[in-house]
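Written out below as structure tokens is the structure these notes cover.
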Amino acid sequence: MAMGAMRMSINEKQFIETALRENQRVDGRTPFDFRRLVINFSKDDSAEVQLGQTRVLAVVSAQLVQPYPDRPNEGTLAIFTEFSPMADPGFEPGRPGEMAVELGRIIDRGLRESKAVDTESLCVLAGRSVWAIRLDIHILDNSGNLIDAANLAALAALLSFRRPECTLGGPDGQDIIVHPPEVREPLALSIHHLPIAVTFAFLGDGDLLVLDPSLKEEMVMGGRLTITVNMHGEVCGVQKGGGVGVSASELMRCLRLASTKAAVLTETLKKVVEVHETERAQRKIRRHHNFTALSHAGAIVDTRVTEREVEMDDAIENTTVTESKEDTVMLGTVKVLEEGEIRHEDGASNFKQNGEDDEQERVEVHKEEKPKVALLTEQSEIMFEGGMSGWVDTKSTSLKAVGKDSAHPLDLEALVEFDKVAKGMLKESISLQEKPREVVATPLQHQIQGSQIAAATVYAKLSSQHQDKASRPLGPIFPRSSDVEAMEEEGLRGDLGNLISVTAETLSGAATDPSQVTEAVPIDTPLNLLAAVKKKVKNRKKGAVVKD
Amino acid sequence: MDVESSVPGAGSPFVNRIMAPGDVVLDLTKASNVLRLGSGLRQDGDNIAMTKVGRLQFKKPNKYWVEGSQKRYIPNTEDVVLGIVVDRRFEMFVVDIGGPTYASLPMLAFEGATRRNTPNLQVGAALYARVVKAHRDIDPELCCTDASGKAAGFGPLNGGYVLECSTGLARVLLSKPTSPVLEALGKSLSFEIAVGMNGRVWVNAATTATTILVSNAILNSEFLTAAQQHIMVQKLLQKSQ
């Protein structure tokens, strides 16, 4: 063994095997338990997987290249692994060692040869230009079972990656125009299924089998077997390199075990990716400059953040201030804008790190009897792109004017609704993944409806379509009649579809005159895309139990 | 390292504080007596500066050293360490103690060892030894007896399980009064442990379950307060019953 690699004593080897014969593992697991799995995404869509102490980072990038001559219609997928010397004293910088090559090969086989990633959809111009997808896997910390962790990281990165949309144009229709993400929404890769790698280690004389070996178990194992299988039970790859022999029946047993575990891991992976998608949609909303936006970039499943999320109640209650003080725990509030004054928020210091009851000030929404609403605020960056909003002449508006007679009456409420929906989705996903805690009370998760989620999607789609300042109508971007058909294809519920068409019609007239609203919407209520949904939300809220 | 100084003065104002490498802790022109510098400090012209991250410690009348916690062990004289035999050479064993270089252990450095009667240690055997010579330019040397030649607990360790931890945790486990986690475990379980300052701990108990429980409790206790350590041990004991 190299000087740098870790040493094992005979005592440890014997102890590990003795303990396994009693069905115990050194870290307290049973032989077929996975370690704790945490998947994080960051803003550039890279995925980091922590499996126990093992940490792997994967990131996907794409480039337009010429295709291989024998496959002119297909794009390519290439996998590169990097074993950082920080991860393990045995990793040397420079040429990839045997382990690195094997890991890359296993993941490559799982993804490419099972056609998990559809390469034909990566073709732009047959024979001339295709997308080459490059997947980089970085090993950050080696604590055993790099293959499974790297595979999960690769899948998470591929699922969250978005490539730019490109169209053919130019004088002869042969030029490829790649649209930047602000202009056209980037597209996801077409992934047919998720091949999950499950690694077994054979200890003793090949008679002791463990799943997800830790670093010490890997150092004393006699052989290793990796099975790549998807949740439908289709085997995508089997890798057994050297070591003790394994009987056929043992192999079948491993296949069955791997299949079960793969189903569980696929569920977890899908949930985490879905939460990340909601976050991404939230980030795209262009917010009014007076409100700091809401985002939870980064850790989703991490328990630390989860605890914070759970303590943070749905503070957006339509109740009076005194009630909400007792009932809710605020994470932070937006500072009050004095009458006639504008304070341009730079978003700093609104976020209280410890989630205590810091009710300093409230946002004064309406001057009438409409109750005060507190917004949840977050970390110190403003999440809309491109700086200040161009919708409004900032000098002449004040928060006080936000009400039913302002230029965009729906902004606050719609934003609040959307945040509730997204928050609920996030909470629901998180609470499903975590073990139940005593402090958890998520009334919001019962209120999530398909229509609310659809509303969230609507906002995400709308705000991403580019409009230059001159052509933008006054007020927030509402669905136009051309968009209604697009949305109906998504299978929205009927009531929301009706509401949208109603709103579209009313908007085609004078934008700011509420008296032209049809009888479907009561006159005094501000035009609200989600009015129908909101009523249902309100009714449910009366019965909801707020935790404390 | 003995350092001479000529001017009478006060001790360092930074004792018991956490400092970073490069921080000057004492100006020698103000020191009054001969100072002994332990690990983590070095003389830099007229100053004493830190070379490690850690807490500056002082013992009367004149000893300064730095206590930090890291995974890599730097050998110091009179440390007790847990080593693993790597090779057997003429008249000595080569032992891995987790430091920058391997250490050497003379074959005669055992109780009752003579030229005819040398200990029979296999490659991979774990042993408990103390560091006799340690300097940054030479390979450290170990000894499996105490100063008077008796075994005193040193020597090869049989059975049990060896776990790795940081040097800070190892120091806490060796300190007096007994660390809270060991106290809590000792109340309900019987086991024996050997802690090496190089971040290795050998645990042995009658059953494998107890050994696993003790080793996990020790690893978990690193960043917990005393009360939390007690609670953690209670929870582990309950779960195992």
Side-chain angles (χ1 to χ4, degrees), chain A residues 1-31 33 35-36 52-55 84-91 140-144 203-204 208 210 213-222 303-304 435 437-438, chain B residues 71-73 82-87 94-103 121-128 139 156-164 192-194 196 198-220 232 235-237 239-240:
Chain A
M1 254 202 211
M3 167 71 206
M6 205 176 81
R7 282 279 164 186
M8 288 280 277
S9 59
I10 308 175
N11 312 42
E12 287 171 275
K13 183 169 165 44
Q14 284 171 349
F15 181 78
I16 290 176
E17 291 177 10
T18 318
L20 261 179
R21 286 185 211 282
E22 298 175 19
N23 247 11
Q24 292 173 8
R25 288 166 86 167
V26 172
D27 50 5
R29 287 187 278 164
T30 62
D33 262 348
R35 288 171 287 182
R36 180 166 160 264
Q53 296 277 54
T54 301
R55 290 170 81 128
S84 161
M86 289 295 288
D88 187 277
F91 294 166
L140 303 175
D141 203 351
N142 177 22
S143 190
L203 287 89
L208 300 168
V210 291
S214 66
L215 187 62
K216 294 214 167 165
E217 287 162 352
E218 275 192 351
M219 289 174 74
V220 298
M221 69 183 173
T303 37
R304 181 177 46 86
K435 296 192 184 99
R437 299 163 187 271
E438 306 79 342
Chain B
K71 288 191 152 178
R72 181 58 81 179
Y73 169 65
L82 212 127
I84 298 175
V85 176
V86 166
D87 198 5
V94 179
V95 178
D96 169 42
I97 54 173
T101 54
Y102 288 146
L121 290 175
Q122 303 296 323
V123 171
L127 41 85
Y128 202 52
D139 289 352
L157 301 164
N158 294 318
Y161 176 65
V162 177
L163 56 97
E164 262 95 29
E192 49 175 337
I193 62 169
N198 54 344
R200 290 200 186 138
V201 179
W202 174 84
V203 181
N204 193 16
T207 64
T208 46
T210 317
T211 315
I212 291 177
L213 200 146
V214 170
S215 39
N216 280 311
I218 290 175
L219 281 175
N220 288 343
M232 183 255 306
K235 282 211 187 118
L236 279 177
L237 288 169
K239 262 212 293 197
S240 67

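In what follows, every chain begins at residue 1, and chains take the letters A, B, ... in the order their sequences are listed.
- When the candidates A:S9, A:A19, A:G28 are compared by the number of heavy-atom contacts under 4.5 Å with chain B, A:S9 comes out ahead.
- A:E12 touches chain B through backbone and side chain together, each having a heavy atom under 4.5 Å away.
- Contacts with chain B were tallied for A:E22, A:Q14, A:R25; A:E22 has the most, counting heavy-atom pairs under 4.5 Å.
- At a 4.5 Å heavy-atom cutoff, B:N204 makes no contact with chain A through either its backbone or its side chain.
- Interface summary for chain A: among B:G98, B:A209, B:A125, the most heavy-atom pairs under 4.5 angstrom belong to B:A209.
- Counting heavy-atom pairs under 4.5 Å between each of B:G160, B:G124, B:S215, B:A126 and chain A puts B:G124 at the top.
- Heavy-atom pairs under 4.5 Å with chain A were tallied for B:N158, B:V86, B:L163; the largest tally goes to B:V86.
- Heavy-atom minimum distance, B:N216 versus A:V26: ND2-O, 3.2 Å.
- For A:K216, the part lying under 4.5 angstrom from a heavy atom of chain B is the side chain only.
- A:N11 places no side-chain N or O within donor-acceptor distance of the main-chain N or O of B:Y161, the cut-off being under 3.5 Å.
- Using a 4.5 Å cut-off between heavy atoms, B:V123 contacts chain A through its backbone alone, with no side-chain atom that close.
- Taking CD1 of B:I212 as the reference point, atom CD1 of A:I16 lies at 9.5 Å (rounded to 0.5 Å).
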